[in-house]
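Notes follow once the structure below has been shown.
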Amino acid sequence: MSAQLLRTVVRSARVPHQRSISSTAVRRQDVALDQALKDKIHPKVGNRDIVGWGFNGCASYVDRPEFPCPAIRFKENSADVMTLREKEKGDWSKLTLEEKKALYRSSFCQTYAEMKAPTGEWKSVLSAVLLALSATAWIVMWMKKYVYPPMPSTITREWQEAQVERMLAQGQGRIEGISSSYDYEKGEFK
């Protein structure tokens, strides 16, 4: 962390009249993109204005409620948009509601209400989960039928009851075992 702070201080010493550490998102007028950076970014954004830092410093448009200021405008600069931008520099009470909406839609794709509106994506996620569970169930049933050997006879209830009767008849575990809890005179467990 101290090395990064040192690099920031060194950079600020090299660049006069600019703040190196800032907690505000103020765009200074004397700061401009150099031509190499413009050539790198502008072919991707087309004829749209770069108006801020953006999300992670990328010149891209993303509607995010937690980050309301995208780096570029949503729509490209057309003649209609440019005339509205000239009109907005004057008195806003002279603008009609449709013009205000058109100005907003030229800069942003969605409103907060549209961003936070439910999308119904949960339905596709739930259907994918249920499809995966049903496919798994079919695979398990197929494995039980064709892959695994048949269950041994020692699993059946009848075999287990016969085994208990044999143990009682032989008197196995007379001190602490099964025969210790069996009453031989009444023929039942104590």
Side-chain angles (χ1 to χ4, degrees), residues 1-140:
M1 183 66 185
S2 61
Q4 184 179 5
L5 184 61
L6 182 63
R7 281 194 300 264
T8 305
V9 170
V10 169
R11 270 192 220 128
S12 66
R14 282 190 267 159
V15 181
H17 307 296
Q18 287 184 347
R19 292 182 287 170
S20 60
I21 299 174
S22 175
S23 61
T24 61
V26 177
R27 183 176 176 207
R28 297 185 47 158
Q29 295 298 325
D30 59 340
V31 177
L33 297 176
D34 60 338
Q35 190 60 41
L37 192 57
K38 278 185 182 179
D39 292 340
K40 181 181 176 185
I41 292 173
H42 280 283
K44 296 178 186 173
V45 297
N47 188 18
R48 295 190 273 179
D49 294 333
I50 298 176
V51 291
W53 174 254
F55 181 69
N56 290 338
C58 298
S60 62
Y61 183 87
V62 179
D63 279 326
R64 295 180 65 154
E66 68 273 5
F67 191 80
C69 301
I72 59 175
R73 296 192 191 272
F74 177 64
K75 289 186 179 178
E76 291 191 4
N77 293 331
S78 64
D80 298 336
V81 172
M82 295 309 286
T83 56
L84 283 175
R85 292 226 178 99
E86 287 299 321
K87 259 179 122 174
E88 82 174 327
K89 292 179 182 176
D91 188 13
W92 273 63
S93 61
K94 295 178 183 175
L95 292 173
T96 65
L97 183 62
E98 289 77 23
E99 290 174 336
K100 291 176 186 176
K101 286 181 181 179
L103 275 171
Y104 181 84
R105 291 297 180 174
S106 68
S107 294
F108 303 102
C109 179
Q110 295 178 326
T111 63
Y112 277 104
E114 293 169 344
M115 281 187 259
K116 293 183 179 268
T119 60
E121 184 182 3
W122 67 272
K123 296 174 189 175
S124 60
V125 171
L126 180 65
S127 64
V129 167
L130 291 176
L131 182 67
L133 287 175
S134 65
T136 303
W138 280 105
I139 290 170
V140 167

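Here, residue 1 is the first one in the sequence, and each next residue gets the next number. Below, each value reflects all heavy atoms present in this structure, side chains not excepted, and no hydrogens, waters or symmetry copies.
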How long is the straight-line distance from [atom2] of [Y] back to [atom1] of [X], given to the nearest 0.5 Å?
| X | Y | atom1 | atom2 | value |
| --- | --- | --- | --- | --- |
| Lys101 | Thr111 | NZ | OG1 | 10.5 Å |
| Asp49 | Met82 | CG | CE | 6.5 Å |
| Lys100 | Glu88 | NZ | CD | 11.5 Å |
| Ser60 | Ile50 | OG | CD1 | 10.5 Å |
| Leu131 | Leu126 | CG | CG | 11.0 Å |
| Arg105 | Glu98 | CZ | CD | 13.5 Å |

Non-hydrogen atoms of [X] and [Y] that approach each other most closely:
| X | Y | answer |
| --- | --- | --- |
| Ala59 | Ala71 | CA-CB, 4.0 Å |
| Asn77 | Arg85 | OD1-NH1, 2.9 Å |
| Pro70 | Phe108 | CD-CE2, 3.7 Å |
| Glu114 | Cys109 | OE1-O, 3.9 Å |
| Ile72 | Tyr61 | O-CD1, 3.4 Å |
| Phe74 | Arg48 | O-NH1, 3.0 Å |

- Message: Between Val81 and Arg73, does the side-chain contact (heavy atoms from CB on, under 4.5 Å) criterion hold? Intermediate values first, please.
- Response: CA-CA 11 Å; Val81 172; Arg73 296 192 191 272; over 6 Å; no
- For the side chain of Tyr104 and the backbone of Glu99, is there at least one donor-acceptor N/O pair under 3.5 Å apart? no
- Is there a donor-acceptor pair under 3.5 Å between the side chain of Asn47 and the backbone N or O of Glu76? no
- Message: Applying ring-ring contact (aromatic ring centres under 6.0 Å, His included), can you list everything that pairs with Tyr112, at least two apart in sequence or on another chain?
- Response: none
- Message: A quick test of your reading: do over 12 heavy atoms of other residues, nucleotides or ligands sit less than 6.0 Å from CD of Glu121?
- Response: no
- Message: Quick one, Asp80 with Ser78, criterion side chain to side chain donor-acceptor pair (under 3.5 Å). Give me CA distance, side-chain angles, the key distance, then yes/no.
- Response: CA-CA 5 Å; Asp80 298 336; Ser78 64; 5.0 Å; no
